[in-house]
Protein chains: 2
Amino acid sequence: MTHCGREKLRLAGLRASRQRIALADILFAEGDRHVSAESLHAEALEADVSVSVATIYNTLNKFVEAGLLREIAIDSSKRFFDTKMSNHYHIYFEDEERLVDIAPGVLEIRNMPDAPEGTEVIGADILIRVRTSSS
Amino acid sequence: MTHCGREKLRLAGLRASRQRIALADILFAEGDRHVSAESLHAEALEADVSVSVATIYNTLNKFVEAGLLREIAIDSSKRFFDTKMSNHYHIYFEDEERLVDIAPGVLEIRNMPDAPEGTEVIGADILIRVRTSSS
DNA sequence: ATTTGTGCAAATCGTTTGCATCTGA
DNA sequence: TCAGATGCAAACGATTTGCACAAAT
(Lines give C-alpha, C1' and ligand atoms only; values in the text may rest on other atoms or scores of the structure.)
Protein backbone atom coordinates (compact mmCIF):
# COMPACT_ATOMS: atom_id res chain seq x y z
CA MET A 1 0.00 0.00 0.00
CA THR A 2 1.32 3.41 -0.86
CA HIS A 3 1.11 6.02 1.84
CA CYS A 4 -0.48 9.01 0.24
CA GLY A 5 -2.84 9.61 3.13
CA ARG A 6 -0.87 12.30 4.89
CA GLU A 7 -0.44 14.20 1.64
CA LYS A 8 -4.13 13.95 0.78
CA LEU A 9 -5.05 15.37 4.16
CA ARG A 10 -2.58 18.20 3.89
CA LEU A 11 -3.93 19.21 0.49
CA ALA A 12 -7.46 19.13 1.84
CA GLY A 13 -6.50 21.19 4.85
CA LEU A 14 -7.47 18.49 7.31
CA ARG A 15 -5.53 17.73 10.44
CA ALA A 16 -3.50 14.57 10.07
CA SER A 17 -4.48 12.31 12.93
CA ARG A 18 -3.33 8.72 13.08
CA GLN A 19 -6.78 7.38 12.18
CA ARG A 20 -7.34 9.78 9.31
CA ILE A 21 -3.97 8.98 7.80
CA ALA A 22 -4.69 5.28 8.02
CA LEU A 23 -8.16 5.64 6.49
CA ALA A 24 -6.88 7.90 3.73
CA ASP A 25 -4.15 5.37 2.99
CA ILE A 26 -6.73 2.63 2.67
CA LEU A 27 -9.04 4.77 0.55
CA PHE A 28 -6.61 6.37 -1.86
CA ALA A 29 -3.79 3.88 -2.22
CA GLU A 30 -5.27 1.65 -4.86
CA GLY A 31 -7.07 3.87 -7.34
CA ASP A 32 -10.83 4.22 -7.53
CA ARG A 33 -12.80 2.55 -4.78
CA HIS A 34 -16.35 2.27 -3.52
CA VAL A 35 -16.67 1.70 0.19
CA SER A 36 -19.44 1.72 2.74
CA ALA A 37 -18.93 2.88 6.29
CA GLU A 38 -19.17 -0.73 7.34
CA SER A 39 -16.70 -2.08 4.79
CA LEU A 40 -14.20 0.65 5.55
CA HIS A 41 -14.45 -0.08 9.23
CA ALA A 42 -13.86 -3.77 8.57
CA GLU A 43 -10.85 -2.97 6.40
CA ALA A 44 -9.39 -0.71 9.03
CA LEU A 45 -9.70 -3.32 11.74
CA GLU A 46 -8.19 -5.89 9.42
CA ALA A 47 -5.23 -3.59 8.89
CA ASP A 48 -4.86 -3.34 12.66
CA VAL A 49 -5.98 0.25 12.73
CA SER A 50 -8.20 0.71 15.74
CA VAL A 51 -11.01 3.11 14.88
CA SER A 52 -14.49 3.48 16.27
CA VAL A 53 -17.56 3.51 14.06
CA ALA A 54 -18.20 7.10 15.10
CA THR A 55 -14.80 8.10 13.77
CA ILE A 56 -15.44 6.25 10.52
CA TYR A 57 -18.57 8.29 9.98
CA ASN A 58 -17.04 11.55 11.12
CA THR A 59 -14.08 10.98 8.84
CA LEU A 60 -16.13 9.98 5.81
CA ASN A 61 -18.30 13.05 6.27
CA LYS A 62 -15.27 15.30 6.63
CA PHE A 63 -13.75 13.80 3.50
CA VAL A 64 -16.94 14.39 1.53
CA GLU A 65 -17.08 17.95 2.80
CA ALA A 66 -13.44 18.46 1.86
CA GLY A 67 -13.97 17.14 -1.64
CA LEU A 68 -11.97 13.95 -1.25
CA LEU A 69 -14.95 11.65 -1.60
CA ARG A 70 -18.41 11.68 -3.10
CA GLU A 71 -21.46 10.02 -1.68
CA ILE A 72 -23.70 7.74 -3.70
CA ALA A 73 -27.18 6.85 -2.47
CA ILE A 74 -28.51 3.51 -3.63
CA ASP A 75 -31.61 3.30 -1.51
CA SER A 76 -32.74 4.23 1.94
CA SER A 77 -30.51 1.70 3.60
CA LYS A 78 -27.49 1.56 1.34
CA ARG A 79 -24.92 4.13 0.39
CA PHE A 80 -21.38 4.17 -0.84
CA PHE A 81 -18.50 6.57 -0.82
CA ASP A 82 -16.60 6.88 -4.06
CA THR A 83 -12.97 7.97 -4.27
CA LYS A 84 -13.28 8.93 -7.92
CA MET A 85 -14.21 12.59 -8.03
CA SER A 86 -14.27 13.21 -11.77
CA ASN A 87 -17.59 13.14 -13.53
CA HIS A 88 -18.79 9.59 -14.09
CA TYR A 89 -21.75 7.30 -13.58
CA HIS A 90 -22.50 3.97 -11.99
CA ILE A 91 -23.96 0.56 -12.50
CA TYR A 92 -25.32 -1.25 -9.49
CA PHE A 93 -25.61 -5.01 -9.20
CA GLU A 94 -28.59 -5.58 -6.94
CA ASP A 95 -27.84 -9.21 -6.20
CA GLU A 96 -24.31 -8.59 -5.03
CA GLU A 97 -24.91 -5.09 -3.68
CA ARG A 98 -21.92 -4.02 -5.72
CA LEU A 99 -21.32 -0.65 -7.34
CA VAL A 100 -19.13 -0.28 -10.42
CA ASP A 101 -18.03 2.72 -12.45
CA ILE A 102 -19.22 3.09 -15.99
CA ALA A 103 -16.25 3.87 -18.19
CA PRO A 104 -16.13 7.64 -18.46
CA GLY A 105 -17.19 9.03 -21.80
CA VAL A 106 -19.36 6.05 -22.63
CA LEU A 107 -22.67 7.00 -21.14
CA GLU A 108 -23.70 10.51 -21.95
CA ILE A 109 -26.55 12.78 -20.99
CA ARG A 110 -28.18 14.68 -23.84
CA ASN A 111 -30.30 17.75 -23.53
CA MET A 112 -29.65 18.36 -19.91
CA PRO A 113 -32.19 21.03 -19.07
CA ASP A 114 -30.85 24.33 -17.81
CA ALA A 115 -30.86 24.73 -14.09
CA PRO A 116 -34.01 26.61 -13.14
CA GLU A 117 -33.62 30.36 -12.67
CA GLY A 118 -31.59 31.18 -9.59
CA THR A 119 -30.27 27.67 -9.07
CA GLU A 120 -27.08 25.91 -9.94
CA VAL A 121 -26.46 22.25 -10.66
CA ILE A 122 -24.46 20.62 -7.93
CA GLY A 123 -24.58 17.10 -9.24
CA ALA A 124 -25.94 14.79 -11.91
CA ASP A 125 -26.22 11.22 -10.77
CA ILE A 126 -26.93 8.33 -13.04
CA LEU A 127 -27.42 4.89 -11.64
CA ILE A 128 -28.18 1.90 -13.83
CA ARG A 129 -29.60 -0.92 -11.74
CA VAL A 130 -29.15 -4.48 -12.97
CA ARG A 131 -29.87 -7.89 -11.57
CA THR A 132 -29.16 -11.41 -12.66
CA SER A 133 -31.60 -12.12 -15.46
CA SER A 134 -34.25 -14.62 -14.52
CA SER A 135 -34.68 -16.01 -18.03
CA MET B 1 -60.95 13.65 -5.30
CA THR B 2 -61.70 10.81 -7.67
CA HIS B 3 -61.96 7.37 -6.18
CA CYS B 4 -59.83 5.16 -8.32
CA GLY B 5 -58.21 3.46 -5.33
CA ARG B 6 -60.33 0.36 -5.27
CA GLU B 7 -59.81 -0.17 -8.99
CA LYS B 8 -56.03 0.30 -8.72
CA LEU B 9 -55.87 -2.30 -6.01
CA ARG B 10 -57.96 -4.77 -7.92
CA LEU B 11 -55.74 -4.44 -10.99
CA ALA B 12 -52.67 -4.95 -8.86
CA GLY B 13 -54.15 -7.97 -7.17
CA LEU B 14 -54.04 -6.44 -3.72
CA ARG B 15 -56.70 -6.91 -1.12
CA ALA B 16 -58.85 -3.81 -0.79
CA SER B 17 -58.79 -2.80 2.83
CA ARG B 18 -60.23 0.50 3.97
CA GLN B 19 -56.78 2.03 4.57
CA ARG B 20 -55.35 0.88 1.26
CA ILE B 21 -58.29 2.26 -0.65
CA ALA B 22 -57.94 5.60 1.09
CA LEU B 23 -54.19 5.76 0.49
CA ALA B 24 -54.57 4.75 -3.14
CA ASP B 25 -57.23 7.43 -3.57
CA ILE B 26 -54.86 10.02 -2.17
CA LEU B 27 -51.96 8.81 -4.26
CA PHE B 28 -53.58 8.30 -7.62
CA ALA B 29 -56.39 10.82 -7.74
CA GLU B 30 -54.48 13.84 -8.88
CA GLY B 31 -51.97 12.71 -11.47
CA ASP B 32 -48.26 12.37 -10.82
CA ARG B 33 -47.17 12.81 -7.26
CA HIS B 34 -44.05 12.51 -5.11
CA VAL B 35 -44.70 11.61 -1.50
CA SER B 36 -42.67 10.56 1.47
CA ALA B 37 -43.96 8.16 4.08
CA GLU B 38 -44.25 11.10 6.42
CA SER B 39 -46.10 13.38 4.02
CA LEU B 40 -48.50 10.63 3.04
CA HIS B 41 -49.22 9.90 6.66
CA ALA B 42 -49.92 13.57 7.27
CA GLU B 43 -52.24 13.74 4.28
CA ALA B 44 -54.11 10.67 5.40
CA LEU B 45 -54.68 12.05 8.87
CA GLU B 46 -55.77 15.34 7.37
CA ALA B 47 -58.31 13.48 5.28
CA ASP B 48 -59.58 11.83 8.46
CA VAL B 49 -58.24 8.46 7.49
CA SER B 50 -56.80 6.87 10.57
CA VAL B 51 -53.69 4.91 9.62
CA SER B 52 -50.63 3.98 11.63
CA VAL B 53 -47.13 4.70 10.43
CA ALA B 54 -46.49 0.99 10.20
CA THR B 55 -49.35 0.61 7.78
CA ILE B 56 -48.10 3.53 5.71
CA TYR B 57 -44.78 1.77 5.27
CA ASN B 58 -46.30 -1.64 4.71
CA THR B 59 -48.63 -0.19 2.13
CA LEU B 60 -45.98 1.84 0.31
CA ASN B 61 -43.76 -1.22 0.12
CA LYS B 62 -46.60 -3.38 -1.15
CA PHE B 63 -47.43 -0.77 -3.77
CA VAL B 64 -43.83 -0.64 -4.95
CA GLU B 65 -43.72 -4.42 -5.10
CA ALA B 66 -46.98 -4.47 -7.04
CA GLY B 67 -45.72 -1.93 -9.55
CA LEU B 68 -48.00 0.91 -8.52
CA LEU B 69 -45.20 3.12 -7.24
CA ARG B 70 -41.50 3.56 -7.72
CA GLU B 71 -39.03 4.48 -5.04
CA ILE B 72 -36.52 7.30 -5.46
CA ALA B 73 -33.53 7.50 -3.15
CA ILE B 74 -32.16 10.96 -2.60
CA ASP B 75 -29.71 10.22 0.15
CA SER B 76 -29.45 8.01 3.16
CA SER B 77 -32.16 9.84 5.04
CA LYS B 78 -34.51 10.96 2.32
CA ARG B 79 -36.60 9.04 -0.14
CA PHE B 80 -39.72 9.58 -2.14
CA PHE B 81 -42.34 7.43 -3.75
CA ASP B 82 -43.37 8.43 -7.24
CA THR B 83 -46.73 7.60 -8.75
CA LYS B 84 -45.48 8.10 -12.29
CA MET B 85 -44.30 4.72 -13.52
CA SER B 86 -43.30 5.55 -17.07
CA ASN B 87 -39.66 6.20 -17.79
CA HIS B 88 -38.60 9.63 -16.65
CA TYR B 89 -36.01 11.47 -14.60
CA HIS B 90 -35.86 13.92 -11.75
CA ILE B 91 -34.52 17.19 -10.59
CA TYR B 92 -34.06 17.68 -6.88
CA PHE B 93 -34.05 21.04 -5.13
CA GLU B 94 -31.76 20.59 -2.16
CA ASP B 95 -32.86 23.70 -0.34
CA GLU B 96 -36.54 22.86 -0.41
CA GLU B 97 -36.13 19.09 -0.36
CA ARG B 98 -38.45 19.00 -3.33
CA LEU B 99 -38.43 16.51 -6.18
CA VAL B 100 -39.77 17.39 -9.62
CA ASP B 101 -40.15 15.41 -12.82
CA ILE B 102 -38.11 16.37 -15.82
CA ALA B 103 -40.40 16.58 -18.80
CA PRO B 104 -40.24 13.20 -20.52
CA GLY B 105 -38.29 13.15 -23.74
CA VAL B 106 -36.17 16.13 -22.79
CA LEU B 107 -33.29 14.55 -21.01
CA GLU B 108 -31.92 11.56 -22.81
CA ILE B 109 -29.27 8.95 -22.11
CA ARG B 110 -26.89 8.19 -24.97
CA ASN B 111 -24.75 5.12 -25.33
CA MET B 112 -26.25 3.23 -22.48
CA PRO B 113 -23.88 0.31 -22.12
CA ASP B 114 -25.32 -3.16 -22.55
CA ALA B 115 -26.22 -4.90 -19.36
CA PRO B 116 -23.33 -7.17 -18.43
CA GLU B 117 -23.63 -10.80 -19.50
CA GLY B 118 -26.34 -12.60 -17.57
CA THR B 119 -27.91 -9.48 -16.15
CA GLU B 120 -30.89 -7.37 -17.06
CA VAL B 121 -31.47 -3.69 -16.49
CA ILE B 122 -34.17 -3.09 -13.93
CA GLY B 123 -33.90 0.65 -13.76
CA ALA B 124 -32.03 3.71 -14.93
CA ASP B 125 -32.20 6.56 -12.48
CA ILE B 126 -31.09 10.08 -13.24
CA LEU B 127 -31.15 12.70 -10.56
CA ILE B 128 -30.03 16.26 -11.21
CA ARG B 129 -29.32 18.02 -7.93
CA VAL B 130 -29.63 21.78 -7.80
CA ARG B 131 -29.47 24.38 -5.11
CA THR B 132 -30.05 28.09 -4.95
CA SER B 133 -27.01 29.65 -6.56
CA SER B 134 -24.83 31.50 -4.11
CA SER B 135 -23.57 34.07 -6.62
C1' DA C 1 -63.52 -20.19 7.68
C1' DT C 2 -59.47 -18.78 6.30
C1' DT C 3 -56.36 -15.60 4.83
C1' DT C 4 -54.58 -11.19 4.98
C1' DG C 5 -54.25 -6.42 6.81
C1' DT C 6 -54.01 -3.36 10.91
C1' DG C 7 -52.41 -0.99 15.05
C1' DC C 8 -49.42 -0.63 18.57
C1' DA C 9 -45.18 -0.75 20.71
C1' DA C 10 -40.87 -2.67 20.80
C1' DA C 11 -36.92 -3.83 17.99
C1' DT C 12 -33.59 -2.86 14.48
C1' DC C 13 -30.47 -0.47 11.43
C1' DG C 14 -27.54 3.06 10.01
C1' DT C 15 -25.94 7.24 11.54
C1' DT C 16 -25.09 11.23 14.76
C1' DT C 17 -24.03 13.45 19.10
C1' DG C 18 -22.38 14.66 23.96
C1' DC C 19 -18.79 14.46 26.73
C1' DA C 20 -14.44 13.33 28.84
C1' DT C 21 -10.06 12.28 27.22
C1' DC C 22 -6.19 12.37 24.10
C1' DT C 23 -3.10 14.37 20.44
C1' DG C 24 -1.17 16.91 16.54
C1' DA C 25 0.33 21.57 15.15
C1' DT D 1 -0.63 25.27 24.57
C1' DC D 2 -4.98 24.25 22.98
C1' DA D 3 -8.07 23.69 18.94
C1' DG D 4 -9.50 19.90 17.21
C1' DA D 5 -9.88 14.56 16.92
C1' DT D 6 -11.14 10.26 19.24
C1' DG D 7 -13.81 6.64 21.71
C1' DC D 8 -17.60 5.26 23.93
C1' DA D 9 -22.21 4.87 24.78
C1' DA D 10 -26.36 6.92 24.55
C1' DA D 11 -29.55 9.36 21.40
C1' DC D 12 -31.65 9.51 17.05
C1' DG D 13 -34.76 9.13 12.97
C1' DA D 14 -36.42 6.25 9.61
C1' DT D 15 -38.11 1.86 8.86
C1' DT D 16 -39.42 -3.01 10.17
C1' DT D 17 -41.36 -6.59 12.92
C1' DG D 18 -44.11 -9.50 16.42
C1' DC D 19 -48.29 -10.21 18.05
C1' DA D 20 -53.22 -9.92 19.19
C1' DC D 21 -57.20 -8.28 16.95
C1' DA D 22 -60.18 -7.00 12.98
C1' DA D 23 -61.68 -7.16 8.44
C1' DA D 24 -61.83 -8.94 3.57
C1' DT D 25 -62.57 -12.87 0.48
Side-chain angles (χ1 to χ4, degrees), chain A residues 3 5-27 34-45 47-66 68-69 71-81 97 99, chain B residues 5-27 34-42 44-45 47-66 68-69 71-81 97 99:
Chain A
H3 293 279
R6 182 159 232 129
E7 180 66 3
K8 272 276 182 186
L9 292 169
R10 204 181 55 70
L11 291 170
L14 294 174
R15 183 182 281 194
S17 70
R18 184 162 358 92
Q19 287 80 342
R20 284 187 183 171
I21 294 171
L23 294 177
D25 280 344
I26 293 174
L27 286 168
H34 304 110
V35 304
S36 64
E38 197 189 2
S39 75
L40 181 58
H41 191 220
E43 270 195 79
L45 297 185
D48 277 310
V49 179
S50 125
V51 230
S52 68
V53 196
T55 298
I56 293 284
Y57 279 105
N58 291 339
T59 304
L60 285 171
N61 290 337
K62 277 280 179 209
F63 282 12
V64 168
E65 210 175 284
L68 296 177
L69 292 176
E71 186 190 345
I72 295 150
I74 304 297
D75 60 44
S76 54
S77 64
K78 185 150 288 295
R79 66 164 159 161
F80 289 98
F81 295 88
E97 305 196 330
L99 189 67
Chain B
R6 182 159 232 128
E7 179 67 4
K8 273 276 181 183
L9 292 169
R10 203 181 55 68
L11 290 171
L14 294 174
R15 183 181 281 197
S17 70
R18 185 164 354 94
Q19 287 80 341
R20 285 187 182 171
I21 294 170
L23 294 177
D25 280 344
I26 293 174
L27 287 168
H34 303 110
V35 304
S36 63
E38 197 190 1
S39 75
L40 181 58
H41 190 220
L45 297 186
D48 278 310
V49 180
S50 126
V51 230
S52 68
V53 197
T55 299
I56 293 284
Y57 279 106
N58 291 339
T59 304
L60 284 172
N61 289 337
K62 276 279 181 213
F63 282 11
V64 168
E65 209 176 284
L68 296 177
L69 291 176
E71 186 189 345
I72 294 150
I74 303 297
D75 60 43
S76 53
S77 64
K78 185 149 287 294
R79 67 164 158 159
F80 290 97
F81 295 88
E97 305 196 331
L99 189 67

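Just so it is clear: chains get the letters A, B, ... in the order the sequence lines come, proteins before strands, and each one is counted from 1.
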- After noting the C-alpha distance and the side-chain angles of B/Leu23 and B/Val49, does the key distance pass the side-chain contact (heavy atoms from CB on, under 4.5 Å) rule? CA-CA 9 Å; B/Leu23 294 177; B/Val49 180; 5.6 Å; no

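- The one candidate from A/His3, A/Lys8, A/Glu7, A/Arg6 that meets the side-chain contact (heavy atoms from CB on, under 4.5 Å) condition with A/Ile21 is A/Arg6.
- With rounding to whole Å, A/Arg79 atom CZ is found 17 Å from C/dC13 atom P.
- Put simply, chain B comes within 4.0 Å of DNA chain D, heavy atom to any atom, from D/dA14 to D/dT25, going 5' to 3'.
- Note: CZ (A/Phe63) to P (C/dT15) measures 17 Å, nearest angstrom.
- The nearest whole Å value for the distance from the NZ atom in B/Lys62 to the P atom in C/dT4 is 9 Å.
- In terms of heavy atoms, A/Arg79 sits closest to A/Ser36 at O-CB, 3.9 Å.
- Between B/Thr55 and the phosphate of C/dG7, there is a side-chain N or O to OP1/OP2 separation shorter than 4.0 Å.
- Whole-Å rounding puts the A/Tyr57 OH to C/dC13 P distance at 12 Å.
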- Treat primed atoms plus P, OP1 and OP2 as sugar-phosphate and everything else as base, then score nucleotides 18-25 of chain C 5' to 3': B for base contact with protein heavy atoms under 4.0 Å, S for sugar-phosphate contact only, - for none. -----BBS

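- As rounded to whole Å, 15 Å separates atom P of C/dG14 from atom CD of A/Glu71.
- Atom C1' of nucleotide C/dG14 and atom CD of A/Glu97 are separated by 14 Å, given to the nearest angstrom.
- Taking atom NZ on A/Lys78 and atom P on C/dG14, their separation rounds to 8 Å, with Å as the unit.
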- Task: Starting from the C-alpha separation in whole Å, work towards a yes-or-no answer on side-chain contact (heavy atoms from CB on, under 4.5 Å) for B/Leu27 and B/Phe63.
- Result: CA-CA 11 Å; B/Leu27 287 168; B/Phe63 282 11; 3.8 Å; yes

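- Among residues two or more places apart in sequence or in another chain, the salt bridge (Lys or Arg N to Asp or Glu O under 4.0 Å) test is passed with A/Glu38 by none.
- For A/Arg20 (side chain) and A/Arg15 (main-chain N/O), a donor-acceptor pair under 3.5 Å exists by modelled atom type.
- The nucleotide whose nearest atom lies closest to any side-chain atom of B/Ser50 is, among C/dT6, C/dT16, C/dG7, C/dG7.
- A/Thr59 places a side-chain N or O within 3.5 Å of a backbone atom of A/Thr55 that can act as its donor or acceptor partner.
- A donor-acceptor pair under 3.5 Å is formed between the side chain of B/Asp25 and the backbone N or O of B/Gly5.
- Both B/Val53 and A/Val51 lie close to DNA chain D; mapped to their nearest nucleotides by heavy-atom distance, the more 5′-ward contact belongs to A/Val51.
- Between the side chain of A/His34 and the main chain of A/Leu99, a donor-acceptor pair closer than 3.5 Å is present.
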